Amino acid sequence: MEETTATGRPVRVLVADDEAMVRAGVRAILARDPQVDVVAEAGDGHEALALARRHRPDVALLDIQMPGLDGLTAVGRFRREAPAVGVIMLTTFGQDDFIARALEEGADGFLLKADDPRELLNGVRAVGAGGAYLSPRVAGRVIAGMRAHRSAHPHRSLDRLTERERDVLAGLGSGLSNAEIAGELHLVEGTVKAHVSAVLTKLGVRNRVEAAIAAHTAGLIRPRRD
């Protein structure tokens with residue numbers, strides 16, 4: 001299934017990695033989808049921010065370890081200086097502290113370079129459409145960590161959700177945008193937006209990524225359509 005931004009145009013992507021070969025590989029994978037357009041490449045976080053201001057991409061793919069300004073620091077700068085850009089961390093490293101910090105800084109997605117290339121496309125499509133995305137391997141690590149630190153009732157906060165809100169949460173966990181959730185549930189987008197706000201409030205989470213993690217933890221995820 002081809003996905004575009006909310007305006008219907010291709011998803012514009014900025015790729016930031018200090019290795020030119022990695023950037024070329026990412027570009028080649030994204031070129032498989034005619035609805036994804038790589039508009040700029042950067043070798044570090046400073047260059048990525050400058051190019052984001054110039055090209056206004058929908059999604060920035062940031063490597064964690066880059067010289068000058070690394071990806072983990074850059075994601076916070078993106079949230080302050082280019083808040084309209086969705087940020088996906090793309091890295092070789094899957095350490096739990098990296099994942100946690102990236103999500104705390106406001107990343108909209110997290111992928112491992114060892115993931116299946118289809119996960120890269122899925123992530124860019126999801127974040128480009130306004131959703132959030134964790135690759136299954138990353139989600140598994142996050143869920144394992146949450147379960148290790150939770151008490152005997154890990155999902156009791158879900159009891160506060162209505163059936164419709166659970167459906168919306170499942171959509172968030174699958175990386176769907178508000179428009180896509182509206183289409184699946186036969187609702188208007190404004191109603192979905194209100195449900196998303198209610199879900200975030202009732203679960204006590206800050207953003208769609210944390211809601212997606214809650215959906216994964218609760219076992220609400222439906223397979224994503226490609």
Side-chain angles (χ1 to χ4, degrees), residues 1-66 68-92 102-103 105-135 137-138 174-180 207-209 212 224-226:
M1 173 180 153
E2 291 183 356
E3 297 184 40
T4 59
T5 61
T7 63
R9 60 173 172 74
V11 180
R12 294 165 54 83
V13 180
L14 163 68
V15 180
D17 193 293
D18 60 322
E19 296 186 27
M21 188 174 294
V22 172
R23 296 198 304 271
V26 170
R27 178 186 283 274
I29 293 170
L30 296 180
R32 300 177 186 177
D33 189 338
Q35 292 301 322
V36 175
D37 183 16
V38 177
V39 297
E41 296 181 19
D44 62 44
H46 289 299
E47 186 181 10
L49 281 163
L51 290 173
R53 288 189 287 268
R54 184 185 310 167
H55 294 279
R56 299 185 180 182
D58 303 298
V59 177
L61 285 166
L62 304 181
D63 183 31
I64 281 186
Q65 293 196 327
M66 294 185 289
L69 184 67
D70 64 72
L72 284 175
T73 305
V75 66
R77 293 272 303 273
F78 265 87
R79 292 282 66 86
R80 295 188 296 274
E81 300 175 25
V85 180
V87 176
I88 299 175
M89 308 309 296
L90 179 63
T91 182
T92 303
L103 300 181
E105 290 290 338
D108 301 290
F110 201 111
L111 301 170
L112 302 180
K113 292 179 182 177
D115 283 329
D116 188 296
R118 289 173 295 183
E119 295 301 331
L120 176 61
L121 287 167
N122 286 342
V124 166
R125 292 166 182 164
V127 173
Y133 196 83
L134 298 178
S135 74
R137 293 171 64 174
V138 172
S174 297
L176 302 183
S177 66
N178 288 353
E180 290 171 321
N207 52 48
R208 299 172 74 96
V209 177
R224 183 172 175 79
R225 298 168 298 167
D226 290 329

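Index from 1, following the sequence. Quantities reported herein were computed from a predicted structural model and do not represent experimental measurements. Just so you know, these numbers use all the heavy atoms, side chains as well, and skip hydrogens, waters and symmetry mates.
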Drop me the distance from [X]'s [atom1] to [Y]'s [atom2], to the nearest 0.5 angstrom.
| X | Y | atom1 | atom2 | answer |
| --- | --- | --- | --- | --- |
| Thr73 | Met66 | OG1 | CE | 9.0 Å |
| Ile29 | Glu119 | CD1 | CD | 11.5 Å |
| Leu72 | Ile64 | CG | CD1 | 4.5 Å |
| Arg137 | Asp116 | CZ | CG | 10.0 Å |

Is the shortest side-chain heavy-atom distance between [X] and [Y] below 4.5 Å?
| X | Y | value |
| --- | --- | --- |
| Thr91 | Phe110 | yes |
| Leu30 | Val124 | yes |
| Tyr133 | Asn122 | yes |
| His46 | Arg77 | yes |
| Lys113 | Asp17 | yes |
| Leu103 | Leu134 | yes |
| Asp37 | Arg9 | no |
| Val11 | Asp33 | no |

[X] side chain to [Y] backbone, donor-acceptor under 3.5 Å:
| X | Y | value |
| --- | --- | --- |
| Arg53 | Glu81 | no |
| Arg27 | Glu41 | no |
| Glu47 | Gly43 | yes |
| Arg32 | Arg118 | no |

Which heavy atom of [X] sits nearest a heavy atom of [Y], and at what distance?
| X | Y | result |
| --- | --- | --- |
| Val127 | Ala132 | CG2-CA, 4.3 Å |
| Ala74 | Leu62 | CB-CD1, 4.1 Å |
| Pro57 | Ala52 | CD-O, 3.5 Å |
| Leu111 | Ser135 | CD2-CB, 3.7 Å |
| Ser177 | Ala129 | CB-O, 2.7 Å |
| Pro10 | Val36 | CB-N, 4.4 Å |

Query - Check against side chain to side chain contact (heavy atoms under 4.5 Å, CB included), Val85 and Leu14 - result: CA-CA 10 Å; Val85 180; Leu14 163 68; over 6 Å; no
Report summary line: The residue among Asp63, Asp44, Asp70 that forms side-chain contact (heavy atoms from CB on, under 4.5 Å) with Asp18 is Asp63
Report task. Run the salt-bridge test on Arg79 and Asp108 with the 4.0 Å N-O cut-off and return the result as yes or no. Result -> yes
Query - More than 12 heavy atoms of other groups within 6.0 Å of Arg56 CZ - result: no
